[in-house]
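A short write-up of the structure that comes next.
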2 protein chains.
Amino acid sequence: MRPTTKDLAKAAGVSLATVDRVLNDRTGVREDTVRRVSEAIEKIGFLRNISAANLARSKSYRFLFLLPRSGDQFLAEVLAKISEANSAFGSEAMRAEVAQIHESDPHQIANFLESLNPDTVDGVAIMAPESPQVRDAKLRLEQRGIETVSFISGQIRAGADLAAEDFIGIDNHAAGATAGRLMGRFLDRKPGKVLVIAETMHARDSLERRLGFDEVIGADYPYLTVLPSLETHGEAERTDRILSATFARNPDIAGVYILSSEARVPLQSVTQLTQAGHRLVIAHERTPFTEAALLSRQIDALITQDPGHLVRSALRILRARCDRREVLASQEKIRIEILFAENL
Amino acid sequence: MRPTTKDLAKAAGVSLATVDRVLNDRTGVREDTVRRVSEAIEKIGFLRNISAANLARSKSYRFLFLLPRSGDQFLAEVLAKISEANSAFGSEAMRAEVAQIHESDPHQIANFLESLNPDTVDGVAIMAPESPQVRDAKLRLEQRGIETVSFISGQIRAGADLAAEDFIGIDNHAAGATAGRLMGRFLDRKPGKVLVIAETMHARDSLERRLGFDEVIGADYPYLTVLPSLETHGEAERTDRILSATFARNPDIAGVYILSSEARVPLQSVTQLTQAGHRLVIAHERTPFTEAALLSRQIDALITQDPGHLVRSALRILRARCDRREVLASQEKIRIEILFAENL
DNA sequence: ACGGGGATGAGGTACGTACCTCAAAAATCC
DNA sequence: GGATTTTTGAGGTACGTACCTCATCCCCGT
């Protein structure tokens, strides 16, 4: 049997009340006594029963996902996983809600965060481009007792030694490098051009992917030329236009790297402009669309992160923070997955 | 506030005692009343508070991993993750233990399973080659109220429609196919031979990987010749011998696929016999050794499954079975991961 | 209308922890 | 040494569920 607070009290030679005072950081306990209890905790291997504690406290956790409004399929997957997590974690007294805000306006995001009430929300997972306003708002949230994490994008600095728990998502530089490696190895060893298509290059995520991509190509596949990034702005017409122009000017494009999460618009143009899949295409994120494209060989490889894992990880980390508990780092590491038709 | 049994009783117009009888499948309730309670459950969205239930029952879950004795590094990783899971799930009243048995003797395994006591063990994750004896022993265990799952290897039939919860691990056919795809795309499009090295081809896992590998190579890269599988039996000396002989006879080996989980022995031979990494090497499982080999370019790609995920998945599935709960299928799907130096 | 038996209700205790009150003991101060 | 403050103990209630007992009710067949 696991030792209980009663056992702990006996082992420490104090009463239950004092054990409670020590465990919950209440005042009015001599330092000496605290030490005796702490030693007893070590000695008998006492572990607080969190279920019982939450029951007694009748505590439940309310978390919020702050997501952009943009309607791409990857975001839809994330939303689906959030509602899935809600039913899965339902019996554990956690509830996740969603708020969607225009990502382009840092002020609006900051205002929204400012308006959150610690009585209504225990933690927020924020998916938003980094900006000083949002960073400040996050700090203030934490001061007011609301836990926060950066979700998928918007970390302060990738590759820095920021704790895994502060940012939930992949290292975009590494993701770009992985794309670069695949591109380099899949293409024949002869000169050619590589096209990079993004929704916008203003997002740090896109920049980092591009950087990682270029690094690998530059170092190991110097015979490949990576063209300047084309920006679709999510508009089908514009995409068609600039892609036809680019393909016309560069008949020797051997590979295409679509680095934004919405591959649909650019891929449709690329497919039209290219004969019978003889151009290597690498894209990001698994959605019903990209999955189908992978199976029909319109896409050769997909670099993804698991939205279900992202969501659950965010919830587990927020919850651990609320409980002032450690998380299992290896479980929360979001992997850069590579998908072919074979390992879908 | 989440509805409690009290609310449920009120909503169903019955007493707490009857609610309890219905919820816990006790006898002495009219069918009609059961229906009324069930309807009330739907109506008010009642969800049993599992923490409170386990607390009341003072139930804790004791699970067992039955693993082979063989000391390869992948197994060591699994063992490490089991002890990690023990500390992570410690506060949730689950404990995982390990028993290691010679995998070669189905009788011994069956005997061991037979000896398990439902009072001591709630569930077992079994990693063992399939055999009629073990299959029977599993059935008997389940009859005696001990839950079982196949772990990593030993599933009855891969690709069949067996529920995800019965087998925890990757589809080895797909893993082999993924290796085949990588091999085919990474090699230049010119004739060459591919060497396949296994510890033994008697295991179904190895056979399936080989099958998947051959299928892809045969279909899409007909100019490649896959040599018969070499078996190392885990012996360094023997491996050295047969590999030098094979390389001497086949100077045009362009790629090597090491399909067993212990890549160390064959890789050391391959490295010695090959000049400066101009031979493509694909291996399985991430271990300290293969990781280092990937970084030093002795291995070009690694196909892996996450041991931490395997362990946690096994525990979650066993636990859900004990609680007669559904699992979140998407969380328990073990992915076939592809690793390069870039996405380690 | 009666007995029998199954169905139901009322109420209790327990699980391990949180949080409260009040009294008693111990340490501190002057 | 006495008064004051701080620390500690004892005991209670609560959380949501499980599991137990006993009393009562209703329905059935006769």
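Residue numbering restarts at 1 for every chain, and letters A, B, ... go by the order of the sequence lines.
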Nearest-nucleotide comparison on DNA chain D, the residue closer to the 5′ end among B:Asn24 and B:Arg30:
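The residue whose closest nucleotide sits nearer the 5' end is B:Asn24.
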
Nearest whole Å is fine: how far is [N] [atom2] from [X] [atom1]?
X       : N      : atom1 : atom2 : answer
A:Asp7  : C:dT17 : CG    : C1'   : 13 Å
A:Asp20 : D:dG9  : CG    : P     : 12 Å
B:Asp32 : D:dC25 : CG    : C1'   : 16 Å
A:Arg36 : C:dA26 : CZ    : P     : 12 Å

Under 4.0 angstrom between A:Thr5 side-chain N/O and C:dG16 OP1 or OP2:
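No, outside the criterion.
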
I'd like to know if the side chain of A:Arg316 reaches the main chain of A:Val327, judged simply by a donor and an acceptor atom lying under 3.5 Å from each other, with no hydrogens or angles considered.
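Flag not set: sc A:Arg316 to bb A:Val327 has no pair under 3.5 Å.
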
Before accepting this row, confirm whether a basic side-chain N of the pair B:Glu39/B:Arg36 lies closer than 4.0 Å to the acidic partner's carboxylate O.
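A salt bridge is absent here (no side-chain N lies under 4.0 Å from a carboxylate O).
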
May I ask you to decide whether A:Asp119 forms a salt bridge with A:Arg62, counting only side-chain N to carboxylate O separations under 4.0 Å?
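No, this pair does not count.
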
By the 4.0 Å heavy-atom rule, please label B:Arg21 as base, sugar-phosphate, or nothing.
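B:Arg21: base contact, heavy atoms under 4.0 Å.
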
Using heavy-atom distances to pick each residue's nearest nucleotide on DNA chain C, tell me which of A:Ala17 and B:Thr33 is more 5'.
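Checking each residue's closest nucleotide, the 5'-ward one belongs to B:Thr33.
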
Could you check B:Ala56 against B:Gly28 and say which one's nearest nucleotide on DNA chain C is further toward the 5' end?
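This one resolves to B:Gly28.
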
Counting heavy atoms from C-beta on, name the nucleotide in C:dG9, D:dC19, C:dT17 closest to the side chain of B:Val14.
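It is C:dG9.
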
Let's see if you can work this out: which of D:dA18, D:dA10, C:dT17 has an atom nearest to the side-chain heavy atoms of A:Ser15?
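Out of D:dA18, D:dA10, C:dT17, the nucleotide with an atom closest to A:Ser15's side chain is D:dA10.
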
Between A:Asp7, A:Leu23, A:Val37, which is the residue that forms a side-chain contact (heavy atoms from CB on, under 4.5 Å) with A:Phe46?
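Checked A:Asp7, A:Leu23, A:Val37 against A:Phe46; only one passes side-chain contact (heavy atoms from CB on, under 4.5 Å): A:Leu23.
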
